[in-house]
2 protein chains.
Amino acid sequence: MPKESNGRTRIHDVARAAGVAIKTVSRALNNEPNVRQDTRERILETVKRLNYHPSLSARGLAGRRSYLIGLIYENPSANYLVDVQHGAMARCREGRFQLLMHQVSGRGEELERDVIGLIDQTGVDGLIVTAPLCQSNELIRTLDRREIPFVRMAPNKMRHRTPYADMDDEGAAYEMTAYLIGLGHRRIGFISGHPEHFASGQRLNGYRKALKAHRIAYRASYVRQGFFIFESGLDAARQLLAMPEPPTAIFASNDDMAAGVLMAAHEMGIAVPDQLSVAGFDDTYIARTVWPRLTTVHQPSYDLAYTAADLLLRVLSSQPAPKPVRLPYRLVCRASTGLTDDSDSHS
Amino acid sequence: MPKESNGRTRIHDVARAAGVAIKTVSRALNNEPNVRQDTRERILETVKRLNYHPSLSARGLAGRRSYLIGLIYENPSANYLVDVQHGAMARCREGRFQLLMHQVSGRGEELERDVIGLIDQTGVDGLIVTAPLCQSNELIRTLDRREIPFVRMAPNKMRHRTPYADMDDEGAAYEMTAYLIGLGHRRIGFISGHPEHFASGQRLNGYRKALKAHRIAYRASYVRQGFFIFESGLDAARQLLAMPEPPTAIFASNDDMAAGVLMAAHEMGIAVPDQLSVAGFDDTYIARTVWPRLTTVHQPSYDLAYTAADLLLRVLSSQPAPKPVRLPYRLVCRASTGLTDDSDSHS
DNA sequence: GGGCAAATTGACAACGCTGTCAAATCCATG
DNA sequence: CATGGATTTGACAGCGTTGTCAATTTGCCC
């Protein structure tokens, strides 16, 4: 005899209302086979009518899992993070999992301790590991040792049994560079990303390959080190634009740095895109809020995270090990790039 | 006789190793009274030695505690959200709680069902309710009925027993408006925030009071409805700037809309701050990435969230009911505002 | 050293769900 | 219409912890 002390609906209430045993409700809810179609529908309808939500704790206790998955990240730009978070969350909700966001700051051993702490304290069933954390061999080894399922998000160089979701950073950077070349640009500056991100190298590769394919000499002085943050883009652009023969276009490895380039241009009275074309990467919110709006590569952050979560959930349900997924990018041409009337261009 | 099938250490193992009953271990771990000092130490030492971590699921099911707190939000700008998230997270970590972010989209009954779903499913110990959700009387009533502890974040008009963290939006808007007036502006446009946010009204009040205090007539046509998003600021600014007698300054109720104002100005070839001063509100990341950098009001989002979490944790530990906390704001003067040389100004 | 209240400890029943396995029902076939 | 295998359903025992309440030990006084 159920007591209504709490006001909370329990599986028992649903079972009674639908005229079945609690186990049958459980089966219907968990998409298990061997429930007759009409029974299943009746139960699901009752569930909705009573606004029933199974308790994670009880499910976790009985099923020996926590229905919690952790997403660990380091220090991404806010816009990127929010996209990722919501993508992963969306998939978690569908699977009736909850997402625990977990920012780590340390390095090396401290990082490992931090992540182990998360695992031990929360009992997460699995982890989504974003770049650049998923490039740490130590971390990977630690997770392996603990036998905790995880997936990786964003490119990475390591071979490993775990699945991942990524995109073709090199191809995207190649295309963007080719696009700039197509606009007539020959002196194209490049601001690279944080050196610890594998994607940074990939994007630089794409830039270099595009130059090469179009027989434009690579000039090291046109490439500046950035760190994926606004200020680093600003600094790098100031330097590039102060050169005796400055670039007519600057391709920054993410939107935040591209916004920094725009600021440098504004400060120096350089018109964009008339005197300087600027391209970014990621297509986060910032690309649409700066002036002029940024031409950039759309990185499907939301979908990447959704996919990563999906892969993890598959691993957890011990379906056949899913394959890595590569999602498509897309060039988004806005107002920050244009034809160059640069007459110095040789070759 | 405990079986080790799972590999995971259970309270039973600790109890056996320490030579006590599981209940005593439970007591020691939860800092309950009535455990002899030496017993407690012996248990805690054993816990550490065996690397024991209690199961959240079991705790949540058996006790009244999940060590989870939920932060519910609707659709804030990414930069604001991330600040809030990290502020709340920081306090949660200190208290060994985990934070569950939960975005809601519905309205009315759907909203309530959504939140009930979170509570039922996760068994969160308490909730941080951000604006404008904390202004919904229905939601508040639902939470009360469920007797779930919660705190509110951001201003709100309702009297209620629960504590909250906020800032003086009206005072801040007053000061910003007065600052613009001090620069010589007499025709000051205002873009209000989303009408469902209490803060929107407060900020408008501050604007109006400042005008009044400086004997500047309030002109309804200078006030446009915005919705706290970039595009609404862009639209509103286009309208304001197309007026026969356009404002010489525009004060937007948040930074995203102020960025929209900047874009409108750029589109129309209006120089900022020479021909138009622009002020924002919040001092989120975007304020430093647009050109010119935004003069704005620094809202202590991180600290507000940290404080809200702190209040909630106090409520949960049933300390004497904490009082609401009001945090200070700060005017941040950057490059988007300047003196006006407007000669039309009368009075 | 006995007596008594307070402090400490323990036995056992929840908590709400899933896993296991047995019971009931269905359906095709002879 | 009986038979039997496949499908569907249900009864019941945990899952690992905390709450309740009873049992035991301790400390203090006479």
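Basis for what follows: all heavy atoms, side chains included, without hydrogens, waters or symmetry-related copies. Chain letters run A, B, ... following the sequence lines, proteins first, then strands; residues in each count from 1.
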Determine whether more than 12 heavy atoms belonging to other residues, nucleotides or ligands lie under 6.0 Å from atom CD of A:Glu45.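 Not more than 12 within 6.0 Å, no.
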Return yes when atom CD of A:Glu138 has more than 12 non-hydrogen atoms of other residues, nucleotides or ligands closer than 6.0 Å, and no otherwise. yes
Centroid separation under 6.0 Å, is that true for the rings of B:Tyr52 and B:His12?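 No, the ring of B:His12 stays outside the 6.0 Å limit from the ring of B:Tyr52, centre to centre.
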Please pick, from D:dT8, C:dG10, D:dG10, the nucleotide with the shortest atom-to-atom distance to any side-chain atom of A:Val20. D:dG10
[X] [atom1] - [N] [atom2] separation (whole Å):
| X | N | atom1 | atom2 | result |
| --- | --- | --- | --- | --- |
| B:Asp13 | D:dG16 | CG | P | 9 Å |
| A:Asn34 | C:dC27 | CG | C1' | 15 Å |
| A:Arg65 | C:dT18 | CZ | P | 11 Å |
| B:Asp120 | C:dG16 | CG | P | 10 Å |

Determine the contact category for A:Thr39: base if any of its heavy atoms lies under 4.0 Å from a base atom, sugar-phosphate if only primed atoms, P, OP1 or OP2 are that close, otherwise nothing.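 Sugar-phosphate contact only - A:Thr39 comes under 4.0 Å of backbone atoms but never of a base.
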Answer yes or no: is there a side-chain heavy-atom contact under 4.5 Å between B:Leu71 and B:Gln85?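 No, too far: nothing below the 4.5 Å cut-off.
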Heavy atoms, side chains only, cut-off 4.5 Å: are B:Gln103 and B:Ile72 in contact?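 Side chain of B:Gln103 against side chain of B:Ile72, heavy atoms only: no contact under 4.5 Å found.
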Table of protein N/O atoms under 3.5 Å from nucleotides 17-21 of chain D N/O atoms:
residue : atom : partner : partner atom : Å
D:dT17  : OP1  : B:Tyr52 : OH           : 2.6
D:dT17  : OP1  : B:Ser55 : N            : 3.1
D:dT17  : OP2  : B:Ile11 : N            : 2.6
D:dT17  : O5'  : B:Tyr52 : OH           : 3.4
D:dT18  : OP1  : B:Asn30 : ND2          : 2.9
D:dT18  : OP1  : B:Arg59 : NE           : 2.9
D:dT18  : OP2  : B:Ser26 : OG           : 2.5
D:dG19  : N7   : B:Lys23 : NZ           : 2.8

A:Arg91: which residues meet the salt bridge (Lys or Arg N to Asp or Glu O under 4.0 Å) condition with it, sequence neighbours left out? A:Glu94, A:Asp310
